Amino acid sequence: MLDLSHICVAYDDKVVVNNVSFSLASGEIGCLLGPSGCGKTSILRAIAGFEQIIHGEIKLRGVQVASPDKHISPERRRVAVVFQDFALFPHLNVGQNIAFGLQHKTAKQKSQRVNELLALVGLPDISERFTHSLSGGQQQRVALARALAPRPDLLLLDEPFSSLDAELREDLAQDIRRILKHEGTSALLVTHDQHEAFAMADNIGVLREGRLLQWASAYQLYHQPVDKFVAEFIGQGTLLPGNVIDGHYVETKLGVFSMTKVQSAQFALEHSLDVLVRPDDIVHDDNSTNVAKVIARAFKGAHILYELALNDDPASKVLCLAPSHHDHALGERIGIRLDLKHLVLFNV
C-alpha cells in the first residue's frame, strides 16, 4: 500500500527527515514513534502531500506520488488524515461531518454510510447532535468516522490522542485498531507515546533526529533493539557493564553469557560491552542464593518495580518487576534469578 524509499524533507535548507525507508502492506497499521522534533509529523505530511521531498520517492499502491521532480496533489492520493485537533466542522452536525467527503453519493447512500460508521465507532443515534456537545473521546471517534467515510486507501493519524486524558488513550487506541481492521484500512499513526503505539500498531518505526533507527514489531523493539537509543526509549531497563572473554563470552555481575556467532563476529575485539537487562529478565525468587539490595521501589498495583543494586554496588543496578505481594522495604536484600531469553549487547 505504501512504500517510502530514502526520502528526505527539508525546511529552509535544514534537513529534518534524513534517508527514511519503510513499507506498509495493505491492511497493515504502522506507527512512527519518537520524541518531539524527530521528524515523524514531517514524514506524515509528505505522505499526505502537504510537504515536498528533496530526495527519494513515495509510492502508494505501487504508483509514484512523490519525488524531487514529481508531486501528486493531496486530493488525488486517496489518503485521509485525522488531525491532532480533530478539525471537525462546528456548524455541521455529526452526520453532516461524517458525510462531508461523500459528495458524489445519493442521500440514501450517505445516510447508510453514516449510520454504519456511527455503529462501528460505538456512537449510534447521535447523528443530529453537534460536535461541541460531545466529549473529547466522542469527537475523536467522529473524526475517525469522517476520515473513513469515503473508504480511503490509507489513513494517517497525527498524534490523535494527545488532547485526551491519559487513561482514555490506550483504550481508544485499541478501539481504533479494531475499527481499522474491520474496515481493512491501512493506517499510519504518529505518536510520542509508546503505549499508544503498542496498543494500535502492527509495526513501529522509532525515529531520532530525522533518522529511522528501527522498523519492527513491538516485541522486536522491546526484546531485540538494534540501537541503544531504541533500547532506552522503548520500555524500561538498565545497561549492565560486561567484559568480553575469549571473544565468545560476556562476563557480568549476573553471570557469564555466550554470544551468538553474529555477536562474536561483531564484538570479538571489544574489551567491554553493555548488556541490556529488562525488568522481566529479573525474577524475584526467595529461594535464590543470589541476592540484591533494594535501593528504590515503585508500587504499580499488581506489581512492584524494584531497583536493585548487585553486590551492594549502586553502579551495577537492575530493575525487577515482582508481584505486589512480594513487598520489600528499602535497604532489604531479596533473592533474584535471571531469566534472560535475549542477549542484547551494545558498545560502551
Side-chain angles (χ1 to χ4, degrees), residues 1-4 22-33 40 43-44 47-48 58-62 77-84 86 88 94 97-102 105 109 112-124 126-127 135-162 164 166-206 214-222 234:
M1 178 58 66
L2 173 67
D3 185 57
L4 275 66
F22 66 89
S23 297
L24 201 65
S26 181
E28 185 181 0
I29 301 172
C31 176
L32 298 175
L33 175 67
K40 53 189 184 294
I43 295 173
L44 202 77
I47 295 168
I58 300 173
K59 290 183 178 180
L60 286 166
R61 303 168 304 281
R77 297 193 183 193
R78 287 194 53 78
V79 170
V81 184
V82 176
F83 295 99
Q84 190 171 340
F86 311 149
L88 296 171
V94 168
N97 262 280
I98 296 174
F100 184 79
L102 303 175
K105 302 293 184 181
Q109 289 172 326
Q112 287 177 338
R113 183 62 172 156
V114 168
N115 291 333
E116 174 189 357
L117 286 167
L118 283 174
L120 185 62
V121 300
L123 297 173
I126 69 161
S127 62
S135 68
Q138 290 173 324
Q139 289 184 30
Q140 178 60 267
R141 293 172 188 270
V142 171
L144 176 66
R146 184 182 65 179
L148 290 174
R151 292 186 169 88
D153 291 334
L154 177 66
L155 179 68
L156 305 175
L157 302 110
D158 185 11
E159 296 273 9
F161 313 113
S162 61
L164 304 180
E167 59 268 22
L168 292 177
R169 294 177 185 174
E170 193 169 338
D171 288 342
L172 188 54
Q174 291 173 338
D175 284 345
I176 290 180
R177 175 181 171 83
R178 172 186 58 80
I179 292 164
L180 292 173
K181 290 298 183 181
H182 180 276
E183 288 282 289
T185 303
S186 306
L188 185 66
L189 164 74
V190 158
T191 183
H192 62 275
D193 188 319
Q194 60 184 279
H195 299 293
E196 293 172 11
F198 291 169
M200 190 166 164
D202 299 310
N203 281 302
I204 301 165
V206 178
Q214 188 171 359
W215 176 265
S217 68
Y219 180 91
Q220 290 171 309
L221 292 176
Y222 185 82
I234 298 292

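Because the structure is predicted, anything quoted here is derived from the model rather than measured.
One distance of note links CD1 of Ile43 with CZ of Phe22; it measures 6.0 Å at 0.5 Å rounding. Rounding to the nearest 0.5 angstrom, the gap separating the CZ atom in Arg141 from the CG atom in Leu117 is 13.0 Å. Between atom CE of residue Met1 and atom OG of residue Ser26 there is a gap of 4.0 Å, rounded to the nearest 0.5 Å. Within the model, atoms CD of Gln194 and CG of Leu221 stand 9.5 Å from one another, a figure rounded to the nearest 0.5 Å. Between Tyr219 atom OH and Ile204 atom CD1 the span is 14.5 Å, to the nearest 0.5 Å. Summarising the geometry, atom CD belonging to Glu183 is positioned 10.5 Å from atom CZ belonging to Arg178; distances are rounded to the nearest 0.5 Å.
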Exercise for the section: Tell me, with the steps shown, if Leu189 and Leu33 meet side-chain contact (heavy atoms from CB on, under 4.5 Å). Expected result: CA-CA 8 Å; Leu189 164 74; Leu33 175 67; over 6 Å; no
Exercise for the section: Go through Arg78 and Leu60 one step at a time and tell me if the side-chain contact (heavy atoms from CB on, under 4.5 Å) criterion holds. Expected result: CA-CA 9 Å; Arg78 287 194 53 78; Leu60 286 166; over 6 Å; no
Exercise for the section: With salt bridge (charged side-chain N to carboxylate O under 4.0 Å, His left out) as the test, would you mind laying out the steps for Arg177 and Asp202 before giving the verdict? Expected result: CA-CA 10 Å; Arg177 175 181 171 83; Asp202 299 310; 2.9 Å; yes
Handout entry: Test side-chain contact (heavy atoms from CB on, under 4.5 Å) applied to Trp215 and Leu32, step by step
Key = CA-CA 9 Å; Trp215 176 265; Leu32 298 175; 4.1 Å; yes
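For the pair Arg77 and Ile47, the minimum side-chain heavy-atom distance is 4.5 Å or more. Using a 4.5 Å cut-off on side-chain heavy atoms (C-beta onward), Ile29 and Met200 make contact. Annotation: side chain of Ser127 is in contact with side chain of Leu118 (closest heavy-atom distance under 4.5 Å). At least one side-chain heavy atom of Leu180 sits under 4.5 Å from a side-chain heavy atom of Leu148. You'll find the side chain of Pro152 stays beyond 4.5 Å of the side chain of Val79, heavy atoms only. Using a 4.5 Å cut-off on side-chain heavy atoms (C-beta onward), Asp193 and Phe198 make no contact. Inter-residue side-chain proximity for Lys40 and Glu159 is flagged as met; some heavy-atom pair is nearer than 4.5 Å.
Residues that satisfy the salt bridge (Lys or Arg N to Asp or Glu O under 4.0 Å) test with Lys59, not counting sequence neighbours, are Glu57.
In Phe100, the CZ atom is not crowded: 12 or fewer heavy atoms of neighbouring residues, nucleotides or ligands sit closer than 6.0 Å.
Of all non-hydrogen atoms in Leu24 and Ala187, the two that sit nearest each other are CD2-O, 3.3 Å. For Ala80 against Ala147, the heavy-atom pair with the smallest separation is CB-O, 3.5 Å. Residue Ala201 comes nearest to Gly30 through the heavy atom pair CB-C, 4.1 Å, listed as atom of the first residue, atom of the second, then distance. Ala173 approaches Ala199 most closely through the heavy-atom pair CB-CB, 3.9 Å. Annotation for Ser23 and Asp3: closest pair OG-OD1, 2.5 Å, computed over non-hydrogen atoms. Of all heavy-atom pairs spanning Val190 and Leu44, the tightest one is CG2-CD1, 3.9 Å.
Side-chain N or O atoms of Arg113 include none that pairs as donor or acceptor with a backbone N or O of Ala99 at under 3.5 Å.
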